[in-house]
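Each chain gets a letter, A, B and so on, in the order the sequences are listed, and its residues count up from 1.
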Amino acid sequence: MAIKKLVGQVTPEEKNEIQTLFERRNGLNELAKILTADNADLYEKLVKDMGETGSKFQDWWDRMAEKYQWESAENGNWEINFDTCDIYLVTA
Amino acid sequence: MLQYLVILLDKTSTSFCHYKAPSNSPKEGRTLIPLETLRQGIRFGMMENLMIQYVYPDHELPEEYQEVLESIDHSKIKPYGQEDADVLVVDGFQQVKATVPVVLRVTKKELFAHQAEVAEMLADVPRLNVVLTDVETFTEADFEAYKECLTRLAANVERLYVDGKSPQLNLLTDRMMLSQMNNCGAGDTTITLAPNGKFYVCPAFYYENEADSIGDLEHGLDIKNKQLYKLEYAPICRHCDAWQCKRCIWLNRKTTLEVNTPSHEQCVVAHLERNASKELLQNIRKHGTFLPEQEEIKEIDYLDPFDKRDTWQ
Amino acid sequence: MVNKKESLVYEAAGQWKDGAAKNITFIVTKDCQLACKYCYLVGKNTKERMSWDVAKRSIDYILDHKEYFSEESVIWDFIGGEPFLEIDLIDKICDYLKMEMFRRNHHWFNSYRFSFSTNGINYHTDKVQNFIKKNAGHVSIGITIDGTKRKHDLNRIWKTKEGFSPKPEEEKGSYEDVVKNIPLWLEQFPNGGTKVTISSADIPFIKESVLHLYSLGIHEVNINVVFEDVWKDGDDKLFEEQLMQLADAIIDNKYYLGNTCSFFSDSIGKPLDKDLDNRNWCGAGRMLSIDAAGNFYPCTRFAAYSLRSKKPIIIGNVKDGINKNLLRPFLTLDRTTQSPQECIDCEVASGCAWCQGENYDAADTSTVYQRATAICKMHKARVRANNYYWNKLYRKLEMEGQREEFEKNKKKSNDVIC
């Protein structure tokens with residue numbers, strides 16, 4: 001059973017930033033299911049955007065981890081609750 | 001509170017406002033108000049303490065009407081050309097002279113084309129009420145043209161004041177004199193009796209749909225949701241200081257489907273007039289003391305109060 | 001090594017972004033398998049189905065006019081009749097929306113939902129399931145189940161094969177056809193809420209129905225009494241008794257932990273300041289509904305099929321766009337201008353809802369500025385029971401030393417009214 005431990009919190013502005021990226025990544029993933037390479041221009045735009053959004057995503061977690069120095073664990077995940085801005089460490 | 005009763009003496013009585021009345025040809029249905037209906041209407045007006053305004057058609061009334069018409073104190077709104085009027089109505093542009101107030105019903109195109117002649121008329125009539133018959137069609141370009149037109153008219157008004165005259169042009173001078181809303185009052189202070197013996201919010205409601213009455217002489221008045229004709233129940237207007245605006249209930253309903261809500265076009269037109277009045281007041285005051293008891297009209301940053309609705313609460 | 005992950009707390013679309021998102025509704029069909037007795041859609045039919053052309057032109061118009069649709073987020077809402085009868089069209093619409101929002105770099109691509117309110121009958125079908133999987137991160141679905149079988153089947157009955165309301169002796173309830181899909185729905189939407197509608201005949205079943213829904217695993221029960229003038233003498237007393245019994249059951253069995261019932265809210269039943277609390281209740285005019293003919297409405301309730309006695313209010317269409325003058329009355333509506341003095345002075349005014357469409361439909365003149373007050377006595381009964389609920393619950397929590405903890409974690413109940 002997964003154990004979830006509250007390890008910190010981000011500001012609402014920081015939460016908004018990751019939530020927008022999260023929404024965009026979801027949107028891109030769902031768009032990828034219906035776009036094919038036939039639609040060359042849009043497909044190219046999508047691939048580029050997925051790369052950029054992924055990088056921004058990673059960058060957010062790196063910046064926040066650096067800023068807040070959250071507790072971490074081997075094979076653990078950090079999770080954010082968009083309602084509360086809380087950061088959890090989830091371990092198996 | 002009800003104060004005025006407009007009585008249409010015929011179905012083809014002249015329009016003195018935004019609406020179009022049926023033409024005066026016998027074909028289009030001249031329908032004179034029955035004498036008994038007129039008597040009852042006058043009686044109603046007496047019992048309710050209402051000031052009566054007769055609206056005349058462009059044809060002679062039978063002799064026997066005169067005595068009945070004169071049985072109560074009243075004012076007469078007549079088509080231009082008729083005698084013994086308290087208000088004369090000119091339908092479509094025509095340069096006229098008169099000793100009583102004149103209502104000039106024109107389209108925007110006519111006004112823009114004849115603005116110089118309209119300015120000249122100011123010296124020839126005690127009061128000029130310009131009624132634009134197509135307010136609801138104004139575009140952004142029309143607003144610009146109207147603003148320019150008002151500026152030119154204001155220059156004439158200013159010149160007349162400097163010359164010691166007191167011209168009255170509803171579009172420009174009313175707002176300078178007012179300290180609160182002074183609207184048409186249809187459904188609130190004024191109702192209309194039509195030749196069919198039924199009451200209407202105003203003549204336009206009668207012409208648009210005869211079934212849209214608010215009572216009749218037999219059963220009395222029955223104004224449903226009558227609060228909606230009052231300023232306090234008009235969310236946009238109660239926040240507005242374009243006090244000269246007619247706040248036309250009929251145009252409201254025609255353009256927004258609600259009697260208490262004006263269209264964007266009606267609001268902008270009224271605010272262009274308000275702002276031109278503001279400039280005019282300031283300019284006249286440069287020549288000496290003028291309306292000392294009146295406050296300056298404030299500078300505002302909108303032409304449609306609707307755009308400021310987020311600041312109301 | 002720490003992996004990074006985010007959890008999205010799924011919400012009912014109505015609450016999403018605290019109700020600040022633009023709600024755009026496609027009335028994809030006016031057909032439904034059911035003939036619910038309380039349904040306000042008086043003009044349902046099998047003919048008016050939205051075409052792809054109308055849907056596409058609507059989307060193009062909306063996405064072309066960002067100046068009219070400046071909200072940060074959007075809820076693309078699909079209703080009927082029963083929306084899932086048109087799942088092929090919906091799928092095509094959603095695919096087009098995703099592509100177009102992305103292609104046009106529209107800000108809504110970062111913040112959108114596809115929302116459905118369904119009778120649940122077709123929920124399990126392959127087409128609906130494939131659609132859900134394809135759009136998993138953006139779909140919000142509410143299934144309407146009214147409570148126990150007898151309560152549900154009292155109103156939510158199948159229409160006849162010929163498409164009419166059945167004779168009383170031929171009525172067939174839809175409970176079994178819906179409840180079989182609830183586990184699958186809850187598996188996919190664990191926080192899914194349901195909407196329960198109460199009319200006069202339903203009052204005796206309120207308590208059992210809410211408790212039954214909790215037992216099915218539905219933790220959020222959004223429930224309201226209909227706004228129409230259907231209430232009989234004594235209904236308020238019966239209603240109050242049902243709510244008192246429900247209050248006792250929720251508190252005694254600790255259902256308040258993890259469940260909500262929108263009848264109970266600690267913010268209702270207070271006087272409202274005529275200046276400071278003057279906002280309109282209803283969102284009509286801030287939403288946009290589109291029907292099969294490509295007409296735009298301020299809310300679905302203003303479409304012809306929803307109205308008993310008034311003409312529809314059409315604020316534009318896909319060809320000519322929105323007539324902004326027709327939106328002005330809706331966007332300037334406030335509470336006091338449309339309320340009778342009795343409501344303005346009411347000491348238990350907060351939480352008393354209204355539906356702009358029903359106000360219009362029931363008004364003495366053609367106006368949205370006359371508030372219908374048919375629910376007055378029902379609201380007052382609700383307030384009395386609600387006061388009882390919170391007084392009893394808070395006292396219990398205080399005695400148990402748990403009030404602070406409860407208040408911290410309390411889920412906001414959702415006054416969904418239409």
Chemist: Answer yes or no: are there more than 12 heavy-atom neighbours, outside R104(C) itself, under 6.0 Å from its atom CZ?
Modeler: yes
Chemist: Between atom OG1 of T336(C) and atom OH of Y233(B), what is the distance when rounded to the nearest 0.5 Å?
Modeler: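 Separation between the atoms: 8.0 Å.
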Chemist: Counting only heavy atoms not in K22(C), do more than 12 sit closer than 6.0 Å to its NZ atom?
Modeler: yes
Chemist: Checking an interface table here. Which of residues 368-379 of chain C come within a heavy-atom distance under 4.5 Å of chain B?
Modeler: V368(C), Y369(C), Q370(C)
Chemist: Tell me, yes or no, whether the heavy-atom count around E347(C) atom CD, taken from other residues, nucleotides or ligands under 6.0 Å, exceeds 12.
Modeler: no
Chemist: Can you tell me how far apart CG (N325(C)) and CG (N252(B)) are? Round to the nearest 0.5 Å.
Modeler: 10.0 Å
Chemist: Look at atom CD of Q3(B) and say whether more than 12 heavy atoms of other residues, nucleotides or ligands are closer to it than 6.0 Å.
Modeler: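 More than 12 heavy atoms, drawn from other residues, nucleotides or ligands, come within 6.0 Å of this atom.
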Chemist: Identify the heavy atoms of T332(C) and F306(B) that sit nearest to each other, and give their distance.
Modeler: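 Of all heavy-atom pairs spanning T332(C) and F306(B), the closest is CG2-CD1, 3.6 Å.
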Chemist: In terms of heavy-atom pairs under 4.5 Å, which option from K224(B), E232(B), Q227(B), E136(B) contacts chain C the most?
Modeler: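 Between K224(B), E232(B), Q227(B), E136(B), the count favours K224(B).
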Chemist: Flag yes if more than 12 heavy atoms outside M51(B) fall under 6.0 Å of its CE atom; otherwise flag no.
Modeler: no
Chemist: Quick test of your reading of the model: are D304(B) and R328(C) salt-bridged, counting only N-O distances below 4.0 Å?
Modeler: yes
Chemist: Around atom NZ of K109(B), are there more than 12 heavy atoms from other residues, nucleotides or ligands closer than 6.0 Å?
Modeler: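 No, not enclosed.
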Chemist: Would you please go through residues 236-245 of chain B and name the residues with a non-hydrogen atom below 4.5 Å from one of chain C, in numerical order?
Modeler: I236(B), R238(B)
Chemist: When only heavy atoms count and the cut-off is under 4.5 Å, which of residues 257-277 of chain B reach chain C?
Modeler: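 Listed by number: L257(B), E258(B), N260(B), T261(B), P262(B), S263(B), H264(B), E265(B), C267(B).
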Chemist: Quick one: what part of L331(C) sits under 4.5 Å from any heavy atom of chain B, side chain, backbone, both or neither?
Modeler: both
Chemist: Counting neighbours of NZ on K278(B) that are heavy atoms of other residues, nucleotides or ligands and sit closer than 6.0 Å, is the number greater than 12?
Modeler: yes
Chemist: side-chain hydrogen bond (donor to acceptor under 3.5 Å, both in side chains) with S15(B): which residues, sequence neighbours excluded?
Modeler: R105(B)
Chemist: Could you check whether atom CG of D273(C) has more than 12 heavy atoms from other residues, nucleotides or ligands sitting under 6.0 Å from it?
Modeler: yes
Chemist: Starting at CZ of R253(B), measure out to OG1 of T367(C) and round the result to the nearest 0.5 Å.
Modeler: 11.0 Å
